[in-house]
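Report on the following structure.
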Number of protein chains: 2
Amino acid sequence: MEHYALKLREHSLKATPQRAAIAEALDTYGHLSVEELYEILRKKFASLSLATIYKNIHIMLENAFVSEVKLPGQKSVYELTKEAHAHLQCTNCHTIEDIALDMECLLSQAKTKTDFDVQTANLVLSGLCKKCR
Amino acid sequence: MEHYALKLREHSLKATPQRAAIAEALDTYGHLSVEELYEILRKKFASLSLATIYKNIHIMLENAFVSEVKLPGQKSVYELTKEAHAHLQCTNCHTIEDIALDMECLLSQAKTKTDFDVQTANLVLSGLCKKCR
DNA sequence: TTAAATGCAAAAAATTTGCAGACGT
DNA sequence: ACGTCTGCAAATTTTTTGCATTTAA
């Protein structure tokens, strides 16, 4: 997928096959933990090292190619960086869904109540998905 | 502080001195990581074990005596469970502040846009505090 | 008195580091 | 060709576990 190579270079990342595969996996699955990425990529690269995953996740976070999602009571998962959005997770089946929410109503409250100059918001909503309800 | 012993028992936790000290430290400092708790309590209990901190944080989470706060790019910190609230963290000095926000404006959006039955919200706002601005 | 908690040591899991050889640009 | 990346092995760091002893209720 030359497509991922391009995206990588746009973020000043050398386009190695391992990195393209990380990008592809995240694009396909949406949200993956380090361990999950490792298991998926191992099928493609028999000699893949976990250290490679860690090193790449780090540099990809620095370059904002991927973003970390911290879920309550679970390991972090990673996703390709997209426009800001919140996450919705089912407490039963643990499915994660992206959701675009207008945060303005919160930011205005925050502006009134604190002296902070708020720049970013990280929001995770938990509940029951349609199936598990 | 017999006060903390009572609170602990209300959450079905045996009131050991170590647990009361964890409660007191969290009450005093607001938000602490495992390592910070360990360093603080060690002054009071020379023989304190890190394992004791871990075991207690776990059971206190189960019993909702404490809550975990996951901050972007950092280790989790813990706080005494209070009514739901969001967190505000300075990206420069890393100070954490609690803030009560009315989330209704988000929950109504979520209700419209998804099939989830949303139960809880975890929100961390990041920005610059008054001093660091 | 009894179930549960502590502390210790060891084990396991997660993450990081250094380096030689391979590879992208 | 150069600087960076990969894979490996080892080192670190973080978290968990088992067990003997102590302790809260």
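Chain A is the first sequence line, chain B the second, and so forth, proteins listed ahead of strands; every chain is numbered from 1. No experiment lies behind these values; they were computed from the predicted model shown.
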Group every Ile, Leu, Val, Met, Phe, Trp and Tyr by side-chain heavy-atom contacts under 4.5 Å, then state whether B/Tyr29 and B/Leu26 land in the same group.
yes
Cut-off 3.5 Å, no hydrogens considered: what does the side-chain donor-acceptor table look like for residues 119-130 of chain B, sequence neighbours left out?
none

Check each residue of residues 27-47 of chain A for a non-hydrogen atom within less than 4.0 Å of any atom in DNA chain D, then write out the ones that pass by number, or none.
A/Ser47
Does atom NZ of B/Lys111 have more than 12 heavy-atom neighbours, drawn from other residues, nucleotides or ligands, at distances under 6.0 Å?
no
Among residues 64-80 of chain B, which residues get a heavy atom nearer than 4.0 Å to DNA chain D?
B/Lys75
Suppose we screen for disulfide (SG to SG under 2.5 Å). Which residues come up paired with B/Cys132, at least two apart in sequence or across chains?
none
Pair listing, ring pair (Phe, Tyr, Trp, His ring centres under 6.0 Å) test, anchored in residues 63-115 of chain B, at least two apart
B/His11-B/Phe65, B/His31-B/His87, B/His85-B/His87
First and last nucleotide of DNA chain C touching chain A, 5' to 3', heavy-atom cut-off 4.0 Å?
C/dA14 to C/dT25
Are A/Ile22 and A/Val34 linked, directly or through intermediate hydrophobic residues, by side-chain heavy-atom contacts shorter than 4.5 Å (ILVMFWY only)?
yes
Which sits closer to the 5' end of DNA chain D, A/Ile59 or A/Ala51, going by the nucleotide each is nearest to?
A/Ile59
May I have the step-by-step check of side chain to side chain contact (heavy atoms under 4.5 Å, CB included) for A/Ile96 and A/Leu71, ending in yes or no?
CA-CA 10 Å; A/Ile96 304 167; A/Leu71 304 164; 3.6 Å; yes
Taking side chain to side chain donor-acceptor pair (under 3.5 Å) as the cut-off, I'd like each qualifying pair that reaches into residues 48-58 of chain A, sequence neighbours left out, listed once.
A/Arg19-A/Asn56
Based on the rotation axes of five pairs at each end, what angle does the helix from C/dT1-D/dA25 to C/dT25-D/dA1 bend through, to 10°?
60°
Side-chain polar contacts of residues 38-46 of chain A - donor-acceptor pairs under 3.5 angstrom, sequence neighbours left out - could you list them?
residue: A/Lys44; atom: NZ; partner: A/Glu24; partner atom: OE1; Å: 3.2

Check salt bridge (charged side-chain N to carboxylate O under 4.0 Å, His left out) between A/Glu79 and all other residues, then give those that pass, not counting sequence neighbours.
A/Lys82
Below 4.0 angstrom from OP1 or OP2 of D/dT16, is there any side-chain N or O of B/Tyr54?
no
Taking DNA chain D as the partner, which of residues 10-18 of chain B come within under 4.0 angstrom of it by heavy atom?
B/Lys14, B/Ala15, B/Pro17
Please answer: with hydrophobic residues joined when any side-chain heavy atoms are less than 4.5 Å apart, are B/Tyr4 and B/Leu61 in the same cluster?
no
Can you name the side chain to side chain donor-acceptor pair (under 3.5 Å) partners of B/Ser76, sequence neighbours left out?
B/Glu68
Does a donor on one side chain and an acceptor on the other come within less than 3.5 Å for B/Gln74 and B/Gln89?
yes
